[in-house]
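Hydrogens, waters and symmetry mates are skipped; everything else that's a heavy atom, side chains included, is used. Bear in mind the structure is a predicted one, so any value in this text is a computation, not a measurement.
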Amino acid sequence: MNLKIDLNKKKYNALETLFKDHGYMDYRWFDPEQIVVAQWVRMKCMFGCSNYGNKAACPPQTPSVSECERFFKEYRAVVVFHLRMQSESRKERFAWYKKETIKLAKLERKVFLSGFEKAFFLLFGGCSLCQECKNERSLCEHPEMARPAPEAMAVDVFSTVKKMGYPISVLTDYTQAMDRYVFLMVY
């Protein structure tokens with residue numbers, strides 16, 4: 001673990017046990033200063049993503065880029081989880097996203113209860129809990145589990161995970177295997 005501030009070894013080991021108990025074996029710890037936050041990511045959300053303005057955990061209902069930068073500075077450690085999935089259809093992909101979102105929300109809760117009160121996940125693909133989103137945080141049916149995607153928080157996922165040696169590429173077809181990344185912010 002290459003962090004400015006080492007986590008308490010006992011707590012660190014307990015978290016790693018939690019990760020493995022939930023089936024997450026491919027993960028890496030890193031310093032939040034390594035997260036690349038960029039304005040262009042928000043522009044891609046605004047002009048290129050059908051979720052913009054249509055999901056309660058997507059821009060414009062997420063913090064500004066400068067607020068996102070400030071948010072990441074409040075943490076001492078980040079765990080990035082690498083998930084790989086291959087699907088034949090959008091429907092199959094959505095079902096997988098939803099299953100993983102619920103599973104990760106439960107893991108976040110356990111991390112919180114183990115003494116990491118600032119535990120917060122950034123989920124790949126944005127919130128996928130509902131087939132039809134209510135489009136507003138105040139109307140969200142699952143506010144306790146809804147989380148933004150890293151991109152909704154202006155994270156340049158490509159640059160960030162490449163720094164850690166993880167594979168990532170632009171996909172051109174739904175049948176291609178996906179490398180997805182989830183960020184767990186911990187204090």
Let me see the working for Tyr27 and Val182 under side chain to side chain contact (heavy atoms under 4.5 Å, CB included), right down to the final yes or no.
-> CA-CA 9 Å; Tyr27 59 87; Val182 178; over 6 Å; no
Would you please test Arg42 and Thr62 for side chain to side chain contact (heavy atoms under 4.5 Å, CB included) and show each step?
-> CA-CA 10 Å; Arg42 182 57 53 87; Thr62 55; 3.5 Å; yes
Carefully, step by step, assess Ile35 and Met185 under the rule side chain to side chain contact (heavy atoms under 4.5 Å, CB included).
-> CA-CA 11 Å; Ile35 294 174; Met185 309 300 299; 4.0 Å; yes
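Atom-to-atom distance recorded for Ser87:OG and Arg93:CZ is 4.5 Å, nearest 0.5 angstrom. We find the CG-CD distance between Leu171 and Gln86 to be 10.0 Å, quoted to the nearest 0.5 Å. Taken from NZ in Lys162 to OG in Ser169, the straight-line distance is 8.5 Å, to the nearest 0.5 Å. Taking CE of Met85 as the start and CG of Asp179 as the end, the distance is 12.5 Å to the nearest 0.5 Å.
The shortest side-chain heavy-atom distance between Lys118 and Arg76 does not fall under the 4.5 Å cut-off. Proximity of His22 to Lys110: side-chain heavy atoms (C-beta onward) are separated by under 4.5 Å at one or more points. Side-chain atoms of Leu123 and Glu100, non-hydrogen and from C-beta on, never get closer than 4.5 Å to each other. The shortest distance between side-chain heavy atoms of Thr101 and Met145 does not fall below 4.5 Å. Two residues are said to be in side-chain contact when any heavy atoms from C-beta on lie closer than 4.5 Å; Met153 and Pro63 meet this criterion.
In terms of hydrophobic clustering, with Ile, Leu, Val, Met, Phe, Trp and Tyr side chains grouped at heavy-atom distances under 4.5 Å, Val155 and Val170 are assigned to a common cluster. Put simply, Leu18 and Leu104 are part of the same group of oily side chains (I, L, V, M, F, W, Y) that touch within less than 4.5 Å, one to the next. When the side chains of ILVMFWY residues are joined at heavy-atom separations under 4.5 Å, either directly or via intervening members, Val41 and Val65 end up in two distinct hydrophobic clusters. Transitive grouping of hydrophobic side chains (ILVMFWY, heavy atoms separated by less than 4.5 Å) keeps Phe112 and Tyr24 in distinct clusters. Note on Leu113 and Leu107: separate hydrophobic clusters, where clusters join Ile, Leu, Val, Met, Phe, Trp and Tyr whose side-chain heavy atoms are under 4.5 Å apart, directly or indirectly.
Each ring pair (Phe, Tyr, Trp, His ring centres under 6.0 Å) pair with one or both residues in residues 117-158, not counting sequence neighbours, appears once here: Phe71-Phe120, Phe81-Phe121, Trp96-Phe124, Tyr97-Phe124.
Taking each heavy atom of Ser50 and Asn54 in turn, the nearest pair found is O-ND2, 2.7 Å. Smallest separation of non-hydrogen atoms from Ala146 and Cys140: CB-SG, 3.9 Å. Residues Leu122 and Ala149 come closest through the heavy atom pair CB-C, 4.4 Å.
Counting only distance, with no hydrogens or angles, the side chain of Thr160 and the backbone of Val157 share no donor-acceptor pair below 3.5 Å.
Counting heavy-atom neighbours within 6.0 Å of Lys103 NZ, excluding the residue itself, gives a total above 12. When the shell of 6.0 Å around CD of Glu144 is examined, it contains more than 12 heavy atoms from other residues, nucleotides or ligands.
Scored by the ring-ring contact (aromatic ring centres under 6.0 Å, His included) test, Tyr166 finds His82, Tyr181 as partners (sequence neighbours excluded).
Using bins of under 30°, 30° to 60° and over 60° for the plane-to-plane angle, the ring pair Phe183/Phe30 lands in the perpendicular bin.
Comment: Arg147 engages Glu108 in a salt bridge, judged by a side-chain N to carboxylate O separation of less than 4.0 angstrom.
Hydrophobic side-chain contacts under 4.5 Å tie Tyr52 into a cluster, directly or through other members, with Met43, Met46, Phe47.
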